[in-house]
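Contents: one structure, followed by commentary.
These numbers were taken from a predicted model, which means no experiment stands behind them.
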Amino acid sequence: MALQIRPCHLREAREYVRLHHRHSIPPVGGKFAVACYDGDALCGVAVCGRPVARRLDDGRTLEILRCCTDGTDNACSKLYGACCRIGFAMGYGRILTYTLESESGASLRAAGFVCEGRAGGAQWTGARRRDYYVASAEHKCRWVKRHG
């Protein structure tokens, strides 16, 4: 059976990320979420929202905050593609997301994203430093897809 994209409540998507993401906690907020189903089985979710980096939050940029699957073939690419179609239909001109440097980005390339290179530091260094785990202490790669 072909994979299907369906609407998903942010609360449900956050819970799926909490249970299944291998290295990140659920995002605090978001604008929308989508789910990927293989028949009747939920096999992944993606959460989109404002860019975390303030200087990238220009009102025309959407960030895919989390993409999390159970490993079902092509689910990540299907979710990334759906997020882009929805984001561009909402009027966003640029969609971005991040991977760890150790991740290949194959699903992002399949969905038409281009790697812009290394982004950010290995760890959270802001003045509001958190005492709990936020992300892996590894450099990230920024991936971008532009409309048109």
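- For the pair R6 and Y37, the cation-pi test (distance below 6.0 Å, angle within 45°) is passed.
- Minimum heavy-atom separation, C67 to Y80: CB-OH, 3.5 Å.
- Taking the side chain as every heavy atom from C-beta outward, W143 and I95 never approach each other to under 4.5 Å.
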*asked:* Go through it in stages, so that I can follow the logic: the residues are R146 and E116, the test is salt bridge (charged side-chain N to carboxylate O under 4.0 Å, His left out), and I'd like the CA-CA distance, side-chain angles, deciding distance and then a yes or no.
replied: CA-CA 12 Å; R146 298 179 193 284; E116 284 192 332; 3.4 Å; yes
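- A distance-only check finds a donor-acceptor pair linking the side chain of T97 to the backbone of I64 [under 3.5 Å].
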*Evaluation steps, side-chain contact (heavy atoms from CB on, under 4.5 Å), between E101 and R118*: CA-CA 8 Å; E101 277 190 323; R118 185 182 270 189; 3.0 Å; yes
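- K78 places no side-chain N or O within 3.5 Å of a backbone atom of C36 that could act as its donor or acceptor partner.
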_Walk me through whether N74 and S77 qualify under side-chain hydrogen bond (donor to acceptor under 3.5 Å, both in side chains)._
CA-CA 5 Å; N74 302 317; S77 299; 5.2 Å; no
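- Separation of atoms SG (C48) and CE (M90) is listed at 9.0 Å; rounding is to 0.5 Å.
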*asked:* With side-chain contact (heavy atoms from CB on, under 4.5 Å) as the criterion, how do Y92 and K31 come out once you've worked through the C-alpha distance, each side chain's angles and the decisive distance to 0.1 Å?
replied: CA-CA 12 Å; Y92 290 99; K31 289 190 177 261; 3.1 Å; yes
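- Heavy atoms only, all atoms of each residue included: L79 and C68 are closest at CD1-O, 4.4 Å.
- When all heavy atoms of K145 and C84 are compared, the pair lying nearest together is CD-SG, 3.6 Å.
- Looking only at distances, no side-chain donor or acceptor of R66 sits under 3.5 Å from a matching main-chain atom of A13.
- Between L100 and K140 there is a side-chain heavy-atom pair separated by less than 4.5 Å.
- One distance of note links SG of C83 with CG of L62; it measures 7.5 Å at 0.5 Å rounding.
- Side-chain contact check for V45 versus V34: every heavy-atom pair is 4.5 Å or farther apart.
- Criterion: ILVMFWY side-chain heavy atoms under 4.5 Å apart, direct or through other members. Under it, F32 and L10 are not part of a common hydrophobic cluster.
- Between the CD atom in Q4 and the SG atom in C43 there is a gap of 10.0 Å [rounded to 0.5 Å].
- Scanning all heavy atoms of the two residues, the minimum distance from D73 to L3 falls at O-CD1, 3.5 Å.
- Annotation: the span from S107 atom OG to F113 atom CZ amounts to 11.0 Å, rounded to 0.5 Å.
- Heavy atoms from other residues, nucleotides or ligands lying under 6.0 Å from CZ of R94 number more than 12.
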*Could you walk me through whether R11 and R14 pass side-chain contact (heavy atoms from CB on, under 4.5 Å), step by step?*
CA-CA 5 Å; R11 183 173 40 248; R14 287 177 36 106; 5.9 Å; no
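- When each of R142, E63, E103 is tested with Y98 by the rule side chain to side chain donor-acceptor pair (under 3.5 Å), just one qualifies, namely R142.
- Side-chain heavy atoms closer than 4.5 Å link hydrophobic residues (I, L, V, M, F, W, Y) into clusters, and following such links, even through other members, never connects I5 to V17.
- Side chains of V144 and V114 form no contact here, defined as non-hydrogen atoms less than 4.5 Å apart.
- A distance of 5.0 Å separates OH of Y16 from CG of L42, quoted to the nearest 0.5 Å.
- Distance check, rounded to the nearest 0.5 Å: CG of L65 to CZ of R50 gives 11.0 Å.
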